[in-house]
Number of protein chains: 2
Amino acid sequence: MKRAENMFDLVIENGICFISGNFVESNIGIINNKIAYVGKESIKGREKINARGCLVLPGFFNAHTHSAMTILRGYAEGLPLDKWLDKVWKIEAMLDERSIYIASMLACIEMLKNGITCFSDMYIHMDSVARAVEETGIRAVLGYGMADRGSEERMEKELKIALDFIKNCENKERIKPMLTPHAIYTCSPEFLSRINDLANEMGLIKHIHASETLWEVKESKKKFGKTPIKLLDDIKFLDQRTVLAHCVWLSDDEINLIANRRTSVAHCPSSNLKLSSGIAKIAEMTENGVNVAIGTDGAASNNMLNIFSEIRLSALLQQLRKKFLSPVKYLEMATKNGYRAYGIDGGEIEKGKIADIIVVEPKIHQMPIYNYANSLVFSSNGCEVRDVIVNGKIVVEDRTPINVDDEKVVDQISKLKEKILGKA
Amino acid sequence: MKRAENMFDLVIENGICFISGNFVESNIGIINNKIAYVGKESIKGREKINARGCLVLPGFFNAHTHSAMTILRGYAEGLPLDKWLDKVWKIEAMLDERSIYIASMLACIEMLKNGITCFSDMYIHMDSVARAVEETGIRAVLGYGMADRGSEERMEKELKIALDFIKNCENKERIKPMLTPHAIYTCSPEFLSRINDLANEMGLIKHIHASETLWEVKESKKKFGKTPIKLLDDIKFLDQRTVLAHCVWLSDDEINLIANRRTSVAHCPSSNLKLSSGIAKIAEMTENGVNVAIGTDGAASNNMLNIFSEIRLSALLQQLRKKFLSPVKYLEMATKNGYRAYGIDGGEIEKGKIADIIVVEPKIHQMPIYNYANSLVFSSNGCEVRDVIVNGKIVVEDRTPINVDDEKVVDQISKLKEKILGKA
């Protein structure tokens with residue numbers, strides 16, 4: 001074991017590691033930002049985490065969110081979608097660079113504490129989101145949420161904002177930029193086609209909301225004579241660098257089509273309930289080979305940024321549908337499927353993969369443990385996450401984010417809330 | 001304010017208290033096991049809890065559980081109901097007094113940590129459950145789960161066990177005994193009728209599973225020519241001392257009937273999803289005046305004993321159904337509706353009520369807070385509960401249960417699990 005004789009930058013030892021669907025006691029050696037050793041040998045590290053009695057997992061990938069929507073968390077509750085949107089849009093129009101930065105800081109801290117090592121975000125003022133990602137130490141795939149609403153002038157403006165942001169991301173190690181048109185009902189087919197060409201040229205990920213509500217599908221049929229998925233396929237938008245958020249309303253044929261195109265789905269069960277959208281056919285997608293990842297959506301429609309809540313809810317909802325997937329499948333949705341969807345070589349505890357890793361400490365509410373996957377999927381709420389490593393660096397140690405001052409961020413978000421309430 | 005000049009046994013000061021559907025900064029004075037003062041005056045106490053920056057709520061009432069089923073938590077996952085039951089029944093047959101005691105200790109500790117101050121439990125070896133209740137300091141309404149399965153001999157045996165247990169509960173301050181026939185498909189109408197007469201004579205609460213699955217309703221119609229609710233009503237079982245667990249499959253007429261009979265419902269959303277039972281019409285029940293309380297069911301079908309998870313899920317599921325109740329309603333289901341269902345004069349922060357109270361410390365994942373009820377219902381996972389008072393006594397202080405040795409219980413349950421796996 002030559003590798004084991006080396007000195008690693010960071011060693012996670014004695015943990016029970018989630019490797020290829022199993023839980024195996026292993027030591028993990030990290031060099032720079034990558035996993036360089038996984039095995040039983042005792043290894044040396046400049047820094048060490050003792051994970052005895054803990055579970056060690058690839059970090060969670062939050063495959064669809066709008067992180068700065070934390071500023072709207074709990075602002076509009078107990079309302080149907082149209083009234084909810086009225087309230088949300090009114091606030092969104094007030095948000096500037098600074099407020100997006102503060103709200104994204106809050107989101108990044110919450111996500112890290114819940115074991116999320118990477119998230120996908122389409123929203124506004126993305127340079128502010130990127131700043132929060134850089135400061136907190138999390139990883140992200142970011143895009144400016146574009147909508148031309150049929151206007152050619154607006155199309156140019158939107159593209160410029162998106163491309164400028166992509167340029168600004170050069171040399172940011174933990175940020176991968178992407179192209180993110182909002183949806184087929186806010187972006188014209190011409191615009192989507194142009195975005196698609198650009199994505200192909202530049203080798204970029206595309207992320208879009210699709211088939212979220214029955215309204216969207218009906219509108220698409222009325223306006224274009226076809227479903228959102230068929231529309232996207234007809235303009236060649238669906239490929240392996242595409243991630244579709246929601247996909248609540250898919251036919252069996254569409255599930256097969258998405259599987260064949262190797263397109264990924266970002267499933268957001270809480271949001272789909274909260275906004276009365278529906279229950280996605282996750283079991284059928286998984287059985288038919290679709291790469292399904294899990295997202296929280298924004299905090300206004302959830303309201304937590306917590307992947308443990310999402311996988312538990314996802315599993316419960318599929319069981320309501322009498323569809324029984326193995327709990328391991330939900331852990332994979334939360335980890336490697338997200339990394340795969342966004343083309344990042346992580347999400348697995350394996351030599352050569354990016355070192356985004358979490359250490360989870362079992363709690364009394366999970367006892368006794370017959371099967372680790374069952375405990376993680378059905379009995380966890382997030383407070384079990386002890387340490388978080390992103391890109392080979394410890395960013396949460398014993399439940400405390402180490403790059404940021406939580407209290408300052410809580411103070412800032414509270415002041416921002418007061419300011420918003422003053423104007424709303 | 002004469003009362004305010006007194007010395008109280010325990011004072012909870014400076015908290016933002018949930019009182020009559022609102023959140024009001026108040027001090028609470030407790031004498032013996034009752035709330036003796038609620039108001040703005042500064043009051044003196046032999047013991048004090050400083051709740052500044054915290055929310056103070058009536059304790060949660062877990063209106064339907066089988067606490068010792070923690071021993072089965074995570075044992076059978078990813079299985080449809082029939083296969084799940086095969087595995088569960090095999091283990092249940094092995095359970096003895098000691099295993100029920102250990103598993104109930106685990107459940108009581110978990111519930112207390114999650115802010116549950118009282119629970120309703122029907123199961124086996126109830127003296128062991130009562131022992132765990134006494135030792136941990138929680139409150140409970142307990143009954144032996146009876147099933148005659150049509151045998152007169154069994155009827156007598158079951159009644160004797162139930163009545164012996166009720167007798168054993170005399171002089172146990174925090175335990176209220178009840179009569180708990182399992183369900184209409186395991187108990188004959190004659191047996192249910194006899195239980196009903198006994199309950200009337202003895203002034204006891206009755207608790208039964210009812211209309212949990214479509215199968216149960218169909219079987220009832222086939223066998224008795226009527227639904228479970230109609231059957232129960234025909235034998236006069238439905239009154240204000242009756243609590244029906246689940247009620248997933250109710251007609252509009254049945255909702256009205258239950259409301260008219262002033263019968264309560266114990267709603268268990270996680271369990272209803274996990275076992276593919278369905279989604280209860282909680283919004284319609286509430287709007288029609290049914291007293292709806294919230295339960296976790298047993299840990300084998302949830303898998304957490306956490307009321308925060310249940311109210312969030314309940315609200316999300318109703319919103320999926322396009323039914324938007326105010327978040328305050330869900331807080332009431334979790335607190336006063338449970339106490340009311342089981343005839344215990346608590347669940348409200350009000351002078352004269354039993355002092356079952358929790359102190360909840362807002363966390364970063366709830367920020368910013370526009371509205372306390374929204375935060376508690378949609379953004380909480382249980383780890384926010386800081387202190388718990390049952391019957392006027394502090395039983396959890398700064399997240400640590402003070403009457404029990406958690407580690408010992410975790411060790412005991414782990415050994416019990418090994419023993420069970422050895423025999424299974």
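All values derive from a computational prediction rather than experimental measurement. Throughout, protein chains are lettered first and strands after them, A, B, ... in sequence-line order, and every chain is numbered starting at 1.
A heavy-atom distance below 4.5 Å is found between the side chains of B:P368 and A:I71.
Shown here is B:Y372, whose OH atom has no more than 12 heavy atoms of other residues, nucleotides or ligands within 6.0 Å. Residue-environment remark: CZ (B:F23) exceeds the threshold of 12 foreign heavy atoms within 6.0 Å. By the 6.0 Å contact criterion, NZ on A:K274 is enclosed, its count of non-hydrogen atoms from other residues, nucleotides or ligands being greater than 12. Counting non-hydrogen atoms of other residues, nucleotides and ligands closer than 6.0 Å to NZ of B:K281 gives a total above 12.
For the set A:S270, A:P327, A:A103, A:A107, the entry with the most heavy-atom pairs within less than 4.5 Å of chain B is A:S270. When each of B:E110, B:E418, B:M367 is checked for heavy-atom pairs under 4.5 Å with chain A, B:M367 comes out on top. Among B:L313, B:L325, B:L421, the residue with the largest count of heavy-atom pairs under 4.5 Å with chain A is B:L421. The candidate with the highest count of non-hydrogen atom pairs below 4.5 Å against chain B, out of A:I369, A:N371, A:L305, is A:I369. Contact count against chain A (heavy-atom pairs under 4.5 Å) is highest for B:R312 among B:R312, B:K113, B:Q318.
Only the side chain of A:I109 comes within less than 4.5 Å of a heavy atom of chain B; its backbone N, CA, C and O stay farther away. Proximity to chain B is absent for every atom of A:R321, based on heavy atoms less than 4.5 angstrom apart. Heavy-atom distances place no part of A:S375 under 4.5 Å from chain B, backbone and side chain included.
Taking NE2 of A:H365 as the reference point, atom OG1 of B:T70 lies at 13.5 Å (rounded to 0.5 Å). Taking CD1 of B:I413 as the start and CD1 of A:I364 as the end, the distance is 9.5 Å to the nearest 0.5 Å. Taking CH2 of B:W84 as the reference point, atom CD of A:Q319 lies at 10.5 Å (rounded to 0.5 Å).
Here the shortest heavy-atom pairing between A:F324 and B:S276 reads CZ-OG, 3.4 Å. In plain terms, the two heavy atoms of B:Y370 and A:I420 that are nearest each other are OH-CG2, 4.2 Å. Considering every non-hydrogen atom in both A:L316 and B:N302, the closest pair reads CD2-O, 4.2 Å. Minimum interatomic distance between A:S379 and B:N303 (heavy atoms only, all atoms of both residues): OG-CB, 3.3 Å.
With hydrogens and angles ignored, the 3.5 Å screen pairs no side-chain donor or acceptor of B:R73 with any backbone N or O of A:F378.
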